[in-house]
Structure formats: C-alpha cells, structure tokens
**Student:** 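Okay, handing you the structure first.
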Protein chains: 2
Amino acid sequence: MPDWEDLRHFVVLAREGTLSAAARLLGVDHATVARRVAALESDTGLKLVDRRARSYQLTDDGRRIAATAMPMEEAAFAVGRAVQAAKPGLRGEVSISSPPSLANALIAPQLFRLRRRHPGIQIKLIGEKRTASLNRREADVALRLSRPSEPGLIARKIGSFGFSLYGAAAYLKQTPRHALAFIAYDDSMDDAPQQKWLKAIAAGNEIVLRTSDLENQAAAARTGVGLAVLPHFLGDPDPQLTRYETTPTPPSREVWLVVHRDLRQAPLVRAVMEFLTDCIKAK
Amino acid sequence: MPDWEDLRHFVVLAREGTLSAAARLLGVDHATVARRVAALESDTGLKLVDRRARSYQLTDDGRRIAATAMPMEEAAFAVGRAVQAAKPGLRGEVSISSPPSLANALIAPQLFRLRRRHPGIQIKLIGEKRTASLNRREADVALRLSRPSEPGLIARKIGSFGFSLYGAAAYLKQTPRHALAFIAYDDSMDDAPQQKWLKAIAAGNEIVLRTSDLENQAAAARTGVGLAVLPHFLGDPDPQLTRYETTPTPPSREVWLVVHRDLRQAPLVRAVMEFLTDCIKAK
DNA sequence: CGGGCATTGTGCAAAATCTCACATCAAGAA
DNA sequence: TTCTTGATGTGAGATTTTGCACAATGCCCG
C-alpha cells in the first residue's frame, strides 16, 4: 500500500498542475512535493509524471492513479468535517465565504455583536467573488446569491435585496437623460442578472468605466463619473448617492445560506448561521 | 486537514484494537502508532482514545472519526488495485488465496508450468482456511468453494470435485460395518457440507479423531485409524487409501475463481487466472 | 532581443520521525 | 504465589524528511 501522504501530495499536484502551486496549497516547499511524487513513483513502480522543462505533465498512468485517489481526498474532507462537527461548545474558528459586497456592507459591521454574544468564536471572513467549495472545506458556511446545486450541501433562502441606479445628485441634475454615462462590471461578470439588465438599459449610452469591484463603482458614481447599479443596502445609506428611478426596475437577487450537511448540527456552526441570518434579515 | 498517514495508522488501530496488533499489521514499531495517534488527537483537538492500562479504548469521537475515515481506506485499496492493474507485461508478483487442500494438491505441484510459461511472474500462494479479502488486497485472485457475494468481485465457476470415504485397505477388510470409526473436522468446520454429511452418516458410530487439517485426516486414515471424508483428488491417487462406497454419496463442491473487477484486465492477473483454471480443469 | 518572472533541480544543514532496547504493568496459567 | 505472556510507556541514537538557498531553465512581454 502506498504512503498516504505521498498520495495526498500527488493528488494536489495532479489538480494544480505545477509543483509550486501544489506546494503553496499544501504549505510545504516545492522540493517536498517533487520528492514525494518521486517516492510514489518508486513505490508503485509506475511513471506518473513527465518531468518537462517548466511543468509536470501527468502520464496516462498518472491520470488514472490520480483519478482513483480523488475519492480518498473526498473522504479526507469528510473526516475534516466530522472533526469540525465533533467540536463541542462554542469555542473555535468558523470560516464564512461570502460575496465581497455582502461581507463588507452587512457582515463585517455586525461582527461585534457575534463576538459579544459568543466570545469563544473566531471568525474567518472570506469575501471573494470565487465561490469557495464547501465540499472541499474551503469554508464552513457560505452566503450565495443563487441556490447552489452541489451534492451534500444544504441551502436556505434567508433574504433578498434589490438594485437601483445611483449617481451623484449634482451629476443627475446637470446631465440630460440621453447623455447619462454608466458604470459597469467587467466582462467576467457578464452573466450576473444586474449586469445583463444594465447592458439592456444602457443600450445607446456610453459605458464609461468597467471595474470588477463594487466599491470602486460606488466611489466613481459618488464623484459624478456616471450611474452605477448598486444594491440598495449599499446605495441608500450613502448621502452622496441618489437613486435614479427607471422602468423596468433592475432585478433583485436572493441571498442563500449554505452549509454542508455534516456541519449543520455543530453548535459552533449553528451559532454563526443564526448570526448570518440576522445580518441579512435586519438589513 | 489532518495528516493522512496519521489517519491510516489510526484506522488500523481502530480496527485491530491494540497498538501492538496495529503496529504488526502496519510493519512499524508500536511506539510509532502511539505517537501518530497522539499527533492526530493534537491535530484535531479531539480525544480519540482512552489510554487504559493494557488497551487503547476508542472514545465516541474516536469511533466517529474512524468510521468516516474507513472510506479513505477503501479508496486507498482501490488505488492499490489501480496500481497493480496498471502494471504492463508479464513481470511481477501475484498472490493467490486458496483453501489449503487445493493449494497443496492441485496448485503447488503445477506451479512449475506457470514458471516455465511466464518466467517473469512470482507467485505468492496463501493456503489458508480464512478467506482472504480481495477487497482489502490481501490477495489478487482467490479460489473459493462457494460463490462469494462481496461487492466488486467477479466469480467464475471453473470446476467441481467429489468426496468419498477413504480408509486403509486392511482396515476396511478387518472391520465390520457397524464398528467403523470416523475421522472428522473439528467444530470450526461444522458448517461445511461434507462435515454435515459425515455427521449424518456416522450417527451411530464413533468419531475417533477430529482435526482441522485435511492432510492429518488422510495420514490417519492411511494408518488404519478410521475412515475420513476426502476429496477425490486427494484420496484416489493415494495407493494406501481405498474408497468406501456409501449411499447416499457425499456432496460435491464447486470451485470458484474470484478476482476483483479492477484487476481482471491486468495481463499479469489474467495469466494466473488462466493457469488456475487449467489446474482445476485438468485434475 | 533582453529582462523579468515563475518554475523545477540540487546539495546541505536542521528538524522531525522512527526504531530499538528496556522498563513497567496487568492478566492468566501452573 | 510465581512465572509467562503480551500489552503500553519512555528515552537515546540513527535515520529520514524537510526547508532553505541558490542555480538553471524556459516563457512572456515590452
């Protein structure tokens, strides 16, 4: 039976493609990954990778072995979840994955409540566009803007929010309707409903700024660059921004609270889920 | 994520029950198992075992974690099979599990043929009563006397053989029918068909020897201790043994060739399966 | 074409791990 | 009881593994 640690390193290498990336992910030196893969090759008597100049290329055998070792990794994640779920009481770390806008505007400002109520809980708040995989234990709970379909996950809709166009009051006053400029996401967000809506509404007008960051869009809109589609929870409290009403109104989005089945009973996780629900409900 | 090697050691400990047994199975020192389990506990922050005077007792958490880690072990076995299956050509070791009688009388004497035909193949012949688990990779192929039902295994009936009562010629001549003594398996084999049959037929007569080893039974019968139920392939070629015909005749048994689905295509394994089929067919 | 930039390969010293030997302890047999 | 057997605990030395620093290489981009 091959060394399980060797397999772990090899699986990550197979997924990441390079020694360095695998090493970063595993938190070890790249030399260690290289040596462990070599050890696995010598153990199994199979050539698993072609060592090319700048990249490790899996051989057919390598792909085959990596594929059969994947279920091991999934089982390992299940062990990790079982460990997390077995932790009694309300002490420990919980990681939350959330879209950056929600994290900044609704979660972070409320964290002090959670700490007051459960002083033993440490939060790791991951505000990333990329949806972290709960199955891979990249986070314990997540907020998502649409219902996820991954197996093993449990999702509950805990709220929704609307969008409007916002701009600086002076800008709206001075600019004739046909000359209004727009601020949009970059292409990577082309499939988001609010972006589609904007593209439709802005058909004839100029899109003067594209940025992937919502905070940037708001900042630009505040200074009179143009109109941005912002969620109400971001635009309404801002004294420098004014809604610009349109028909049709922009789409609204749902907020889903997602957790893995294995973790939903853990007291630590339940407390955080309750907190997140309050954050969204009370916005 | 916990260290996979720690998990491997812990799973074996959980199954074996003692440090020493786990250490033997893993081929390491017992101190290594103890330290790895301790490391796993410190990693997870959970108490997994109660260290009692002479034994490691799993805690509830320990049982839970061990249970979730079992699938990892099964996946590891699958990797092992994939490795074995990926070996090209006809070089390497193949292990055969077989009932001892078949191994001694039909397989071992023919091994020279296999070696002549495929000089690159090394055979490990495990003649044990205990049925080795092909799923756990305790053997690559197996001969069984009944169709196995484990998942993932493929079985083919490759032959059958009959039993008869055998005794020394002189003994049979001298002894009146009602005084014939019998030689039987010990209690551990009470569920074997030939043993049941013997118990029925021998209802009134004395059972003078009980032994788990068929070779012993044959030896005793040869020297006139009594009558033993022996397979034909064992009794017929023996010049010192004579059949004692009865009605009803003893049951016959089937011979099944068993292999894991993952291995059946490997050239190495196929060659050995072909060899085993010939051994049984040509008896 | 040349300069970054990221990747893999290598030798060495340090750190972690394992084996080994011995000690201790409990249970069961004589 | 005393002896034997098989289990776990512990410390020292040997071995293995790892990280680090540096070299070499190929790619991308200006």
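Note: hydrogens, waters and symmetry copies are ignored here, and every other heavy atom, side chains too, is used. Letters A, B, ... mirror the listed sequences (proteins, then strands); counts begin at 1.
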**Student:** For residues B:Trp4 and A:Glu73, determine if any side-chain heavy atom of one lies less than 4.5 Å from a side-chain heavy atom of the other.
**Tutor:** yes
**Student:** Can you give one letter per nucleotide of nucleotides 6-25 of chain D, 5' to 3': B if a protein heavy atom sits under 4.0 Å from the base, S if only from the sugar-phosphate, - if neither?
**Tutor:** BSBBB------SBBB-----
**Student:** Looking only at heavy atoms, what is the nearest atom pair of A:Ala142 and A:Leu134, with distance?
**Tutor:** CB-CD2, 4.0 Å
**Student:** Any heavy-atom pair between the side chains of B:Pro99 and B:Leu143 that's under 4.5 Å?
**Tutor:** yes
**Student:** Between B:Arg8 and A:Asp3, is there a salt bridge with N-O shorter than 4.0 Å?
**Tutor:** no
**Student:** Could you check B:Arg210 against B:Asp186 for salt bridge (Lys or Arg N to Asp or Glu O under 4.0 Å), going step by step and ending with a plain yes or no?
**Tutor:** CA-CA 5 Å; B:Arg210 292 170 159 277; B:Asp186 63 21; over 6 Å; no
